[in-house]
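Throughout, a chain's letter reflects where its sequence line sits, starting with A, and its residues are numbered from 1. Every value quoted in this text rests on a predicted model; they were computed, and no experiment measured them.
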Amino acid sequence: MSETADRVKKIVVEHLGVEAEKVTEDASFIDDLGADSLDIVELVMAFEEEFGVEIPDDAAEKIATVKDAIDYIDSKQ
Amino acid sequence: MRRVVVTGLGMVTPLGGNVETTWKNIIASRSGAATIARFDASEYKCRIACEVKPADHEYGFDANKEVDHKIQRQVDPFIVFGIAAASEALQDAGLTDMSEEERLRAGCSIGSGIGGLPGIESESLVLANKGPGRVSPHFVHGRLINLISGQVSIKYGLMGPNHAVVTACSTGAHSIGDAARMIAMDDADVMLAGGAESAICPIGIAGFAQARALSTGFNDTPEKASRPYDINRDGFVMGEGAGVVVLEEYEHAKKRGAKIYAEVIGYGLSGDAYHVTAPHPEGNGGYRSMEMALRKSGLSLADIDYVNAHGTSTPLGDELELGAVKRLFGEHLNTMSMSSTKSAIGHLLGGAGAVESIFCILAMRDQIVPPTLNLDEPSESCKGVDLVPHVAKERKVRAVLNNSFGFGGTNASLIMKAI
């Protein structure tokens, strides 16, 4: 597992209060991890803070799964 | 008019994460005051408070029992305390599994005096230091006062009236009084009613200290600072927590064989129309709210055995309330006891009236009245009033009066009796 993936998963566990095992790369924030649209806004902010990247709203809207987040962050680093 | 009874109790206080732990500590004359642990207050005029203790403390509060981790992260502590107290009350009443039909007739009226001050403070710093794009998307609904009622209604599916009182330190008492009227007026059969507060943060302590409301002379002896009616009192000690009761229509409660703690029989409310922080110089507002509650209750003064006073330990407020109580009770003064439990848990502001109403109910249940701590040298005007100094007192308690007075000159009084 990449370093980005580890850090993304840690943030997801902390923010959504879900068990670490549930945060697989295929997991959907809304369907599998119980997030709502505001939770995703908060997660995106946390990713921006953690990785020092900017995630514009149109890109953020396309982040649906854990893998989407990891890929986007990796593409910007 | 439909009768309203209390069938469930819940609280979070500086002396316990639930009703029974708090009450045991209150009766044992314990104090919840200490040096502020949450932030470094060493440069503040007031460096003490009655904070809710962490889960690993002997009488701490474990938020994880009733409140999701995610919600805890998103909302201010006053909402967490409120949800926990409401959950305890609903469980105590045996009403966590109501049918949809019942839930359509069950509502919430849980308020707060100030709301999410710590979160407003911290997110303002985020805004100033990191810009608007870093402010939490949960900022607004995690700080709003009516979000205890909102969160509780979602957690338990309560679809009846959803309301929240904001009347400073009278909030808890007004919440119970107003909710009781909603049941009496047939708007609901069950109401969760009460108040919560958590404003022990830098801006909260600084603000109340600048208003000259807080005790500043006992920073080295925090447990001695809250001393209602004592000649050396010098302001209130900030507390935090929540109190929630389940109010229920009497026949509804009887039909399901509920345990009935008390009946809410009198509710009085008034405005001082005098000053934003100072009470009316003759205590007229407090007098009128007590008088109205008494009139509505149909009781006579001789029936009231215990008064849980507003008694915040401020030089002016205590004296004026005492004067109003003496004027109202007259010849019946010598048969009742009056104490201020703020001497033990501090001033819970918007939570005070609800927590103190629960103490009144427990006084009737256990036939014991809680003490006024630190009442070493009562002021001259205390003569002839049993203020229950230092230790709890076993006595007959048939009916009780609770007073709450708030900034803005807002007053509420509740009378309850055992049935």
Side-chain angles (χ1 to χ4, degrees), chain A residues 4 6-66 68-70 72-73 75-77, chain B residues 54-55 61-84 87 115-116 118-157 162:
Chain A
T4 306
D6 277 347
R7 286 157 73 191
V8 163
K9 287 179 186 178
K10 207 174 149 208
I11 289 169
V12 173
V13 168
E14 169 60 22
H15 281 252
L16 301 182
V18 291
E19 287 160 28
E21 305 84 83
K22 286 193 178 162
V23 188
T24 61
E25 299 210 354
D26 293 335
S28 152
F29 292 118
I30 290 178
D31 296 336
D32 301 319
L33 302 175
D36 61 24
S37 58
L38 292 180
D39 294 330
I40 293 182
V41 174
E42 202 183 19
L43 277 174
V44 166
M45 275 171 46
F47 297 148
E48 289 180 327
E49 192 93 338
E50 172 76 14
F51 296 100
V53 296
E54 182 117 357
I55 308 177
D57 283 355
D58 55 344
E61 278 165 21
K62 292 184 189 118
I63 296 178
T65 66
V66 175
D68 293 341
I70 295 166
Y72 185 86
I73 292 161
S75 75
K76 295 291 162 194
Q77 283 191 321
Chain B
F61 164 62
D62 183 2
N64 295 325
K65 269 192 196 159
E66 293 299 341
V67 189
D68 281 355
H69 170 86
K70 199 170 92 173
I71 291 173
Q72 288 181 47
R73 283 193 63 260
Q74 294 173 354
V75 307
D76 251 60
F78 84 102
I79 296 178
V80 175
F81 295 156
I83 298 171
S87 298
I120 292 172
E121 178 180 55
S122 61
E123 288 299 298
S124 297
L125 293 173
V126 170
L127 176 68
N129 297 325
K130 297 184 173 177
R134 285 289 176 272
V135 171
S136 166
H138 301 290
F139 171 65
V140 175
H141 52 268
R143 320 273 99 69
L144 287 180
I145 284 177
N146 69 302
L147 260 289
I148 305 172
S149 287
Q151 290 278 4
V152 169
S153 71
I154 294 163
K155 184 170 160 81
Y156 292 104
N162 201 269

Engaged part of B:Gln74 at the chain A interface, taking heavy atoms whose separation is under 4.5 Å: side chain

B:Arg134 portion near chain A, given a 4.5 angstrom heavy-atom threshold: both

Straight-line distance of B:Lys70 NZ to A:Asp36 CG, nearest 0.5 Å: 5.0 Å

By side-chain hydrogen bond (donor to acceptor under 3.5 Å, both in side chains) - contacts of A:Asp68 (at least two apart): A:Thr65

Members of residues 136-146 of chain B whose heavy atoms come closer than 4.5 Å to chain A: B:Ser136, B:Pro137, B:His138, B:His141

Residues which pass side chain to side chain contact (heavy atoms under 4.5 Å, CB included) with B:Ser124, listed by chain and number, not counting sequence neighbours: B:Ile120

Atom CG of B:Asn129 with >12 non-hydrogen neighbours under 6.0 angstrom: yes

NZ (B:Lys155) with more than 12 external heavy atoms under 6.0 Å: yes

Donor-acceptor under 3.5 Å (B:His69 side chain, A:Val18 main chain): no

Interface residues of residues 39-56 of chain A facing chain B - heavy atom cut-off under 4.5 Å: A:Asp39, A:Val41, A:Glu42, A:Met45, A:Glu48, A:Glu49

